[in-house]
Amino acid sequence: SVIAYASNYTSTLATGYTINGRGYPDVTNLGHNYIIVANGKNTSSGYPLAVAGTSASAPVTAGMLSLINADRLRQGLSTLGFVNPYIYNIVNDSSSFSDSFIDITEGSNNCVEAIYPASPVCCNSGYSAVPGWDPTSGLGNPKMYGLFNALASITEAPIAIPTMAPTAVPTFVPTEPPTIHSHSPRD
């Protein structure tokens, strides 16, 4: 994916960007206007609070993968562990890819929204979204239903991808379901 991007869009690569190793991000997710609840309330003032960014989107993606792993455990399969090789294997099957990801093909990351003043703040470098993997949005935005169908029943090890992170596939298969402990809210 990284090599394909680099070979087609060399003019957009920033100085120092290497196509050897792992590209990032792997995926993206919606990251704007998540309403949060803390201590049972929207905010201390009682009004909804919208948050944005990686701190909003990363837990959503993690939650999606947790639901997939929970179903795998229910089936007697191991959790996915380092999920990246599995996700990149989905790219090789075009129907699974379109069912599993919304490919972000427009936009760039060289500008950010500014509240004060109400105009974008831009810099000279950045990347543009293109079809397939790109350094702006990775493979795209995961679609829960398609990603679940693609990953919930996999039993074979993924084909390795160029990466600097470990790509070992977990072999742990639980003998019984995990124990879930419930905690009462603190006063």
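Numbers for residues simply follow the sequence, beginning at 1. Heavy atoms only: backbone and side chains are in, while hydrogens, waters and symmetry mates are out.
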Could you measure the distance from the CG atom of Leu65 to the CE atom of Met144? Nearest 0.5 Å is fine. 8.0 Å
Which atom pair, heavy atoms only, marks the closest approach of Val60 to Tyr34? CG2-CE2, 3.3 Å
In Å, rounded to the nearest 0.5 Å, how long is the span from CG of Leu77 to OG1 of Thr155? 7.0 Å
Correct closest heavy-atom pair for Ser137 and Pro25 would be C-CG, 3.9 Å
Minimal heavy-atom distance between Ser100 and Leu147, with the atoms involved, is OG-N, 3.7 Å
Residues forming a side chain to side chain contact (heavy atoms under 4.5 Å, CB included) with Thr105, sequence neighbours excluded: Asp103, Pro131
Distance-only donor-acceptor check, side chains Asp26 and Tyr88, under 3.5 Å: yes
Which atom pair, heavy atoms only, marks the closest approach of Met64 to Lys143? CE-C, 4.0 Å
Atom pair CG (Leu73) and OG (Ser78), whose distance is rounded to the nearest 0.5 Å: 8.0 Å
Evaluate the side-chain proximity of Tyr145 to Asn149: yes if any heavy-atom separation is below 4.5 Å, no if none is. yes
Using links of under 4.5 Å between side-chain heavy atoms of ILVMFWY residues, direct or through other members, which residues join Ile104 in one cluster? Ile102
Can you give me the closest heavy-atom contact between Pro59 and Thr54, atom names plus distance? CD-O, 3.8 Å
So which heavy atom on Ser153 is nearest to which on Gln75, and how close? OG-OE1, 3.4 Å
Keeping the roles fixed (side chain from Thr28, backbone from Gly138), state whether a donor-acceptor pair exists under 3.5 Å. no
Do Thr61 and Val27 have side chains that approach each other closer than 4.5 Å (heavy atoms only, starting at C-beta)? yes
To the nearest 0.5 Å, tell me how far Ile90 CD1 sits from Phe97 CZ. 9.0 Å
With respect to Arg72, which candidate in Thr79, Leu151, Ile154 satisfies the side chain to side chain contact (heavy atoms under 4.5 Å, CB included) definition? Ile154
Just do the side-chain contact (heavy atoms from CB on, under 4.5 Å) check on Val91 and Trp133 with the steps written out, would you? CA-CA 9 Å; Val91 175; Trp133 181 90; over 6 Å; no
Is the shortest side-chain heavy-atom distance between Asn29 and Pro142 below 4.5 Å? yes
